[in-house]
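First the proteins, then the strands, lettered A, B, ... as listed; each starts at 1.
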There are 2 protein chains.
Amino acid sequence: MAATLNIPIDRSSPVPLYHQVVQGIEGMIRNGALEPGSKLENEIELAAQLNLSRPTMRKAMDELVRSGLLVRKRGVGTQVVASQVRRHLELSSLFDDLARGGKKPTTRVLSFRHGPAEAEVADTLQLPAGVGVYHFTRLRAVDSKPLALMENWVRDDIAELTEGGLREHGMYQILRDAGVNFRLANQRIGAAVADERQAELLEVARGSALVTMERTAVDDAGRRVETGRHVYRADSYSFEMTLVQR
Amino acid sequence: MAATLNIPIDRSSPVPLYHQVVQGIEGMIRNGALEPGSKLENEIELAAQLNLSRPTMRKAMDELVRSGLLVRKRGVGTQVVASQVRRHLELSSLFDDLARGGKKPTTRVLSFRHGPAEAEVADTLQLPAGVGVYHFTRLRAVDSKPLALMENWVRDDIAELTEGGLREHGMYQILRDAGVNFRLANQRIGAAVADERQAELLEVARGSALVTMERTAVDDAGRRVETGRHVYRADSYSFEMTLVQR
DNA sequence: CGGAGAGTTTTGTCCTGACATATGGTCACT
DNA sequence: AGTGACCATATGTCAGGACAAAACTCTCCG
């Protein structure tokens, strides 16, 4: 039995129609109205039900297929894959992640410098001549349990950073508020063992396992805005993601 | 100066037109014909140059934007972001990755069992009653240097696995040859320190850092085919990826 | 009774056309 | 000289139609 959709479409909303459909189907999957494995009506029929054109319907389903919620097979139909799809790794900060999870992250700024960049950093960020960097290290804790030790370099010609601001807000939020639109980031995840200093700050034994992450973020103008090296307590943090075959 | 495209389009090819464009632009970026930061002609003009419709051109550019090679800004235009974009984390096996990189991976099968599943595995794989699993551990090495220790569970009602087959081929290749089409995988990356046994097998000191990965893969019929726990030597392996803001 | 072929269904690709909207620059007015 | 309104430009969204290709089903023939 093929499932039909019951999604309110508001044509006067600024939200694109195809995105309303995406949200609608996502909602139906999460609340169980569409069970994993169930088959959807065909695209033409669904489009007709919602009074949309097929390309619009298809664009919505494209997104859902890409995010891994639906599976299409030519000549057969479209199926719900799983209700338990973790969101793809996002281009967001640890601070935002924690805050969304209802936690109250606190930040201690361990060091804060502003000046010319070392050669390696200037190279990584592809800094133009004369542009300096903010260089700072932070310790992030949740419920007074230390979680991450973060070292970052941010070019100084885009936004003004202050030690106080970093204590109160996530770095990404500050940069976004300053008009930076992040577009992509290159990221590398690995592992290391805690040295003396890391162990003390993160309140773990020396030699404990740490998750390491290096990231360089690029904004919509193609500028490399930020690069950083983070280490996380392995007993409290890991990276989850859903990979989708294309 | 806006760049124009010079891409051969073969309308009789079975490769979709939009994909030919994707490959063409990708090629021009990689070989330097399109420099990072350079601006492309507008969509309508590019479509006209290649004798394509705008939707087709747009679909091609959509893919490139999603993969992080291009950046679009409404009212402004489309720019090349970077030549150095790592491929997105793929749904493939370590074996394939290494083989593509020109390496010769070798596999030692440490244990191989076939029988009913433990409750936890049956739950993770959502096994129907009566379906058993293959359970095996493998040690993968490159140039006789051990790299990864892998423990996997595969449901036994889809393909027949043998110890000899696993020695010769990657697990994913065997399953694909058996007609399994993987669609998505949930994956978690973390860190740990090597215990006595891991240290010995991977030829590192006890207490060395290891990258851990747990993965469960789902095929196009929605079946959870495989789950596994892998550990990698942190000094030779890390996960690289490009995140794209949507 | 079994297998090959035809037909149906459904997604995949591609086209033309239209209007909306954000951005950046220009020009006139203050 | 500064500022606001206007306009050109380019991407964003949406419609409707057409044909291709894959996968399943059913029928017919051996």
Side-chain angles (χ1 to χ4, degrees), chain A residues 1-5 9-23 38-66 70-81 179 181 183 219-222 245-246, chain B residues 1-5 9-23 25 38-66 70-81 179 181 183 219-221 245-246:
Chain A
M1 182 42 212
T4 62
L5 300 180
I9 298 293
D10 177 5
R11 298 192 87 94
S12 66
S13 159
V15 178
L17 299 182
Y18 72 87
H19 199 251
Q20 293 184 36
V21 176
V22 168
Q23 292 175 325
S38 62
K39 220 180 100 183
L40 265 60
E41 232 1 300
N42 71 62
E43 295 175 350
I44 311 223
E45 178 57 33
L46 291 179
Q49 279 175 25
L50 301 180
N51 282 312
L52 299 171
S53 71
R54 186 184 163 212
T56 301
M57 192 67 217
R58 226 182 124 66
K59 173 148 190 176
M61 300 180 75
D62 272 345
E63 299 237 346
L64 291 162
V65 167
R66 256 189 291 130
L70 298 182
V71 171
R72 283 194 287 217
K73 266 173 109 170
R74 185 190 296 201
V76 179
T78 306
Q79 257 187 313
V80 178
V81 172
N181 297 306
R183 273 306 144 90
D219 78 352
D220 59 359
Q245 178 82 355
R246 297 225 267 244
Chain B
M1 181 44 213
T4 62
L5 300 181
I9 299 293
D10 178 4
R11 298 191 86 96
S12 67
S13 159
V15 178
L17 300 181
Y18 71 88
H19 198 249
Q20 292 185 37
V21 176
V22 168
Q23 292 175 326
I25 296 182
S38 63
K39 219 180 103 183
L40 264 60
E41 221 20 288
N42 72 62
E43 294 175 352
I44 308 210
E45 178 57 32
L46 291 179
Q49 280 174 26
L50 302 180
N51 282 312
L52 299 171
S53 71
R54 188 184 162 213
T56 301
M57 192 67 217
R58 221 180 130 66
K59 175 149 190 178
M61 300 179 74
D62 271 345
E63 299 238 344
L64 292 162
V65 167
R66 256 189 293 131
L70 298 182
V71 172
R72 281 194 288 216
K73 260 175 113 171
R74 184 190 295 205
V76 180
T78 306
Q79 254 187 316
V80 178
V81 171
N181 297 306
R183 273 306 143 90
D219 77 353
D220 59 359
Q245 178 82 355
R246 294 226 271 241

Review point. Taking for each residue the nucleotide of DNA chain D bearing the nearest heavy atom, is the 5' side occupied by A/Gly75 or by B/Arg74?
Key: B/Arg74

Review point. Can you find a heavy atom in the side chain of A/Val71 that is under 4.5 Å from one in the side chain of A/Thr78?
Key: no

Revision key, fill the gap. To the nearest angstrom, the CE-P distance between B/Met61 and D/dA10 comes to 12 Å

Exercise for review: Quick one: list whatever passes side chain to side chain contact (heavy atoms under 4.5 Å, CB included) with A/Asn42, sequence neighbours left out.
Suggested key: A/Ile44, A/Glu45

Review point. Where the side chain of B/Gln20 meets the backbone of B/Val15, is there a donor-acceptor pair that is under 3.5 Å apart?
Key: yes

Check your understanding: Where the side chain of A/Val76 is concerned, which of D/dA23, C/dG12, D/dG12 is the nearest nucleotide?
Key -> D/dA23

Check your understanding: Which residues in residues 53-60 of chain A have at least one heavy atom lying under 4.0 Å from any atom of DNA chain D?
Key -> A/Ser53, A/Arg54, A/Pro55, A/Thr56, A/Lys59

Review point. Does the side chain of A/Leu52 come within less than 4.5 Å of A/Arg11's, by heavy atoms?
Key: yes

Exercise for review: Provide the closest heavy-atom pair for B/Leu17 versus B/Asp10 in the form atom of the first, atom of the second, distance.
Suggested key: CD2-O, 4.2 Å

Review point. Which parts of residues 12-21 of chain A get close to DNA chain D, meaning a heavy atom less than 4.0 angstrom away?
Key: A/Pro16, A/Leu17, A/Tyr18

**Study point:** Separation of atom CD in A/Glu45 from atom C1' in C/dT11, rounded to whole Å
**Key:** 15 Å

Practice item. In whole angstrom, give the distance that lies between atom CG of A/Leu40 and atom C1' of C/dT10. Key: 13 Å

Study note, to complete from the structure: In short, B/Ala60 meets B/Val22 closest at the heavy-atom pair O-CG2, 3.5 Å

Study note, to complete from the structure: Minimal heavy-atom distance between B/Glu43 and B/Met57, with the atoms involved, is O-CG, 3.9 Å

Review point. D/dA10 phosphate, OP1 or OP2: any side-chain N/O from B/Thr78 under 4.0 angstrom?
Key: no

**Study point:** Shortest non-hydrogen contact between B/Leu40 and B/Met61, atoms and distance
**Key:** CD2-CE, 4.1 Å

Practice item. Specify the separation, in whole Å, of atom CZ of B/Arg11 and atom C1' of C/dG12. Key: 15 Å

Exercise for review: Find the distance B/Arg72:CZ to D/dT11:C1' and express it as a whole number of Å.
Suggested key: 7 Å

